[in-house]
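What follows is a set of notes on a single structure, which appears directly below.
Values reported hereafter were calculated over all heavy atoms of this structure, with side chains retained and with hydrogens, waters and symmetry mates removed.
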Amino acid sequence: MYEPPFTRDRAANERLAASECDACGWVSFPESREVCKRCGNVGEWTDTRLEERGTVQSYVVQQRLPDEFETPLPLAIMDVPQVSGGNPARVYGLFTETDPEHIEIGMEAEADFRRVFDVDGLPIHSFKFKRPRGDRL
């Protein structure tokens with residue numbers, strides 16, 4: 001049986017599709033919501049797309065993980081703007097092709113569609129982030 005969360009969030013994970021609360025403008029990614037986390041409004045949401053670049057707000061570099069994971073494994077929290085403007089979404093993601101020592105708060109990162117892991121032999125794809133081309137250290 002295929003994992004429900006990955007099936008449910010597939011469209012968002014593959015297109016950086018998000019939802020914006022019509023009451024307060026809070027942007028939810030990747031989950032679709034019925035109740036806004038910011039204002040508590042039960043109401044309408046507008047579908048929106050996110051840019052493929054964002055700004056690192058915080059990060060951590062995992063050094064000790066189970067054997068299935070390659071370490072060091074950088075994970076960042078980023079603000080990613082909407083294509084149409086408006087409030088950015090707060091997005092978390094793994095970093096790839098980036099030396100963990102060169103990740104810093106405030107740096108720009110671009111989304112890169114990749115295989116993230118497998119579930120029962122089926123690949124799960126989503127976005128990882130990396131330094132933009134031409135910005136390699």
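- At least one side-chain heavy atom of F95 sits less than 4.5 Å from a side-chain heavy atom of I103.
- The 12-atom threshold is exceeded at CZ of R115, counting heavy atoms of other residues, nucleotides or ligands nearer than 6.0 Å.
- In this structure, a donor-acceptor pair under 3.5 Å is present between the side chains of T96 and R114.
- No continuous path of ILVMFWY side-chain contacts below 4.5 Å connects V27 to W45, so the two sit in separate hydrophobic clusters.
- In this structure, CE in M78 is found 9.5 Å from CD in Q57, a value given to the nearest 0.5 Å.
- A search for salt bridge (Lys or Arg N to Asp or Glu O under 4.0 Å) contacts involving D22 returns nothing, not counting sequence neighbours.
- To the nearest 0.5 angstrom, T98 atom OG1 is 11.0 Å from K128 atom NZ.
- Here E97 contributes atom CD and D112 contributes atom CG; the two are 6.0 Å apart, rounded to the nearest 0.5 Å.
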Requested in this report: Start with the C-alpha distance between I105 and Y59, add both sets of side-chain angles, then the distance that settles side chain to side chain contact (heavy atoms under 4.5 Å, CB included), and finish with yes or no.
Outcome: CA-CA 7 Å; I105 293 173; Y59 70 95; 4.2 Å; yes
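- Counting heavy atoms from C-beta on, the side chains of T46 and E44 never come closer than 4.5 Å.
- Contact annotation: the side chain of E52 never approaches that of E110 to less than 4.5 Å [non-hydrogen atoms, C-beta and beyond].
- Neither I77 nor V80 shares a network with the other; the hydrophobic side chains, linked directly or stepwise wherever heavy atoms of I, L, V, M, F, W or Y lie under 4.5 Å apart, form separate groups for each.
- Within the 4.5 Å cutoff, the side chain of E20 has no heavy atoms near those of the W26 side chain.
- Open room surrounds CD on E70; 12 or fewer heavy atoms of other groups in view lie less than 6.0 Å from it.
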Listing, residues 83-94 side-chain donor-acceptor contacts under 3.5 Å, not counting sequence neighbours, or none:
| residue | atom | partner | partner atom | Å |
| --- | --- | --- | --- | --- |
| N87 | ND2 | G25 | O | 2.8 |
| R90 | NE | D79 | OD1 | 2.7 |
| R90 | NH2 | D79 | OD1 | 3.0 |
| R90 | NH2 | D79 | OD2 | 3.1 |

